[in-house]
2 protein chains.
Amino acid sequence: MTELTRRQRQIFEFLRDNYERFAYPPTLDELCESLGMASRGSLHKHISALIDAGLIEPFSGSKQTGIRLTAQAQRDYAACEHALPYVGKIAAGKPIEALADVHYLPVPALLKSDKPCYVLQVKGDSMKEAGIFDGDWVVIEQRDYARNGEIVVALIDNHEATLKYIEQSPGKVLLIPANSAMTTQIYAPEQVQIQGILVGQMRSYRAH
Amino acid sequence: MTELTRRQRQIFEFLRDNYERFAYPPTLDELCESLGMASRGSLHKHISALIDAGLIEPFSGSKQTGIRLTAQAQRDYAACEHALPYVGKIAAGKPIEALADVHYLPVPALLKSDKPCYVLQVKGDSMKEAGIFDGDWVVIEQRDYARNGEIVVALIDNHEATLKYIEQSPGKVLLIPANSAMTTQIYAPEQVQIQGILVGQMRSYRAH
DNA sequence: TTTTTATGTTCTCTTTATGTTCTCATTTTA
DNA sequence: TAAAATGAGAACATAAAGAGAACATAAAAA
């Protein structure tokens with residue numbers, strides 16, 4: 001993937017920051033107007049470059065219905081550049097509590113992988129025997145599969161998110177807490193969607 | 001690699017210190033303005049020298065999209081400025097195992113205090129019930145006193161260094177492990193020299 | 001269905017931005 | 001004083017960006 005030019009970055013950032021403002025996936029003509037450009041053809045060059053870079057995609061196959069950001073384009077893009085996005089808090093049994101405004105946390109290379117990562121703050125004690133405490137920050141590699149024994153962020157029934165050890169066998173998935181007061185949960189594979197793998201952890205001992 | 005001139009060093013330091021302020025990799029014209037220069041051609045000479053020295057590079061091949069610091073320069077910078085000295089390993093019951101060559105670890109501001117800090121790697125399980133495991137990195141604020149209940153790096157009898165909870169009362173000092181298999185040690189105050197306080201912690205889950 | 005319109009794509013051409021290479025003058029340093 | 005360093009500015013080459021025409025085809029309308 002070749003590096004973006006300045007204008008391409010500008011346009012991507014415009015899309016990233018203003019995408020919600022469009023009622024429908026914006027067409028080239030609409031984008032031209034928003035960007036103050038007169039030529040669809042010129043814009044198309046930039047859009048193509050962004051598609052090649054994997055940052056945006058046609059809304060539905062090759063049909064003529066506008067463009068949209070690729071899944072997590074914003075996140076990936078940020079990940080290549082500087083710090084990691086801090087996206088919210090994760091507590092066993094609840095959806096990830098997303099922040100209205102994602103901000104970015106510098107994270108030592110030591111604690112990341114070379115894949116896109118993001119940061120969550122842990123709520124609750126479900127992993128305390130693994131040394132992961134309430135309030136700790138965890139660095140999560142974005143990935144949709146796991147090896148047994150890894151600690152994963154899993155979304156259950158499209159609703160609850162949780163941080164647990166995983167054990168997968170044919171027909172069932174075990175999500176195992178590191179807290180003897182809690183019990184292992186057993187699910188059907190289709191109930192569990194892996195959202196990432198724990199690769200790093202940080203704790204601050206200062207009072208807040 | 002030839003030596004930098006004074007101006008070249010000045011310009012490099014400016015770049016290093018202000019790189020983040022540029023929304024996009026800066027162009028020669030932008031740099032001219034920032035540096036208060038009138039001539040792109042003059043600046044170009046310095047920039048070329050810095051490229052030859054391996055400190056900066058064109059952002060994207062030879063294309064016209066501005067310049068950036070090389071990865072090496074960024075690392076060096078991080079090492080001098082934002083990073084903490086990694087001085088060695090600490091295991092209960094032994095002196096700190098100092099490294100021959102101290103190197104530097106970038107540490108998020110979140111995990112430090114505003115006082116001088118350094119980094120140790122933990123050996124052993126004496127604090128495992130406090131979620132501090134073998135292999136973790138701990139950020140230590142350099143300080144020679146502690147409040148009761150803080151986790152400290154303590155030097156005992158000028159010989160052993162250890163990471164423990166501290167409880168001080170008139171005439172005695174308790175160093176308390178967070179491991180029910182280990183016992184609290186009681187010392188006379190003059191035996192114990194506090195070397196720092198735990199303020200942050202990091203763990204990597206990647207295999208090494 | 002057929003026709004029309006909207007949308008994306010491809011192309012050429014022009015303009016602008018950016019980096020590069022000069023010369024020359026001035027300042028700093030040995 | 002001589003050499004090196006620095007800076008201004010002109011001239012140039014080329015990458016990047018933009019305008020606009022022409023076309024293909026999906027979507028919508030008749």
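These numbers come from a predicted model, not from an experiment.
- Between A:Thr162 and A:Ile156, the closest side-chain pair of non-hydrogen atoms falls below 4.5 Å.
- By the 4.5 Å heavy-atom criterion applied to side chains, B:Ile140 and B:Ile197 are not counted as neighbours.
- Counting non-hydrogen atoms of other residues, nucleotides and ligands closer than 6.0 Å to CD of B:Gln10 gives a total above 12.
- Nearest heavy atoms, A:Gly131 versus A:Gln201: O-NE2, 2.7 Å.
- Identified under the side-chain hydrogen bond (donor to acceptor under 3.5 Å, both in side chains) test for residues 188-200 of chain A, with sequence neighbours left out: A:Asp157-A:Gln191.
- Rounded to the nearest 0.5 Å, atoms OG (A:Ser42) and CZ (A:Arg7) are 10.0 Å apart.
- Distances shorter than 4.0 Å separate some side-chain N or O of B:Arg7 from OP1 or OP2 on D:dG7.
- Between the CG atom of A:Leu50 and the P atom of C:dT9 there is a distance of 13 Å, rounded to whole Å.
- What separates CZ of B:Arg68 from P of C:dT18 is a distance of 17 Å, to the nearest Å.
- Contacts between residues 41-49 of chain B and DNA chain C, counted as heavy-atom distances below 4.0 Å, involve B:Gly41, B:His44.
- Regarding B:Ile51, its CD1 atom lies at a distance of 16 Å from the P atom of C:dT18, rounded to whole Å.
- In this structure, the side-chain contact (heavy atoms from CB on, under 4.5 Å) partners of B:Ser34, at least two apart in sequence or on a different chain, are B:Phe14, B:Phe22.
- A side-chain donor from one of A:Glu13 and B:Tyr24 sits under 3.5 Å from a side-chain acceptor of the other.
- Atom CZ in B:Phe14 sits roughly 18 Å away from atom C1' in D:dT6 (whole-Å rounding).
- Across residues 30-40 of chain B, B:Met37, B:Ala38, B:Ser39 each have a non-hydrogen atom less than 4.0 Å from an atom of DNA chain D (numbered order).
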- Query: Is there a side-chain contact (heavy atoms from CB on, under 4.5 Å) between A:Val138 and A:Ile132 once you walk through the steps?
  - Reply: CA-CA 9 Å; A:Val138 287; A:Ile132 304 171; 4.2 Å; yes

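- Classification of A:Lys128 and B:Glu129 as a salt-bridged pair fails, no side-chain N sitting under 4.0 Å from a carboxylate O.
- Nucleotide D:dT25 holds its P atom 18 Å from the CG atom of A:Leu28, rounded to whole Å.
- Rounded to whole angstrom, the span from the CG atom of B:Asp29 across to the P atom of C:dT16 amounts to 15 Å.
- Where the helix from C:dT1-D:dA30 to C:dA30-D:dT1 starts and where it ends, the local axes point in directions that differ by 30°; five pairs per end, rounded to 10°.
- Within the 4.0 Å cut-off from OP1 or OP2 of D:dA15, not a single side-chain nitrogen or oxygen of A:Thr5 is found.
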Check nucleotides 26-30 of chain C against the protein and report each pair of N or O atoms closer than 3.5 Å, with its distance, or say if there are none.
none

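- Residues B:Lys115 and B:Ser113 bring no donor and acceptor atom of their side chains to less than 3.5 Å of each other.
- Among all heavy-atom pairs drawn from B:Glu141 and B:Cys117, the shortest one is CA-SG, 3.8 Å.
- When side chains are defined from C-beta on, B:Ile166 counts as touching B:Val173, because their heavy atoms get closer than 4.5 Å.
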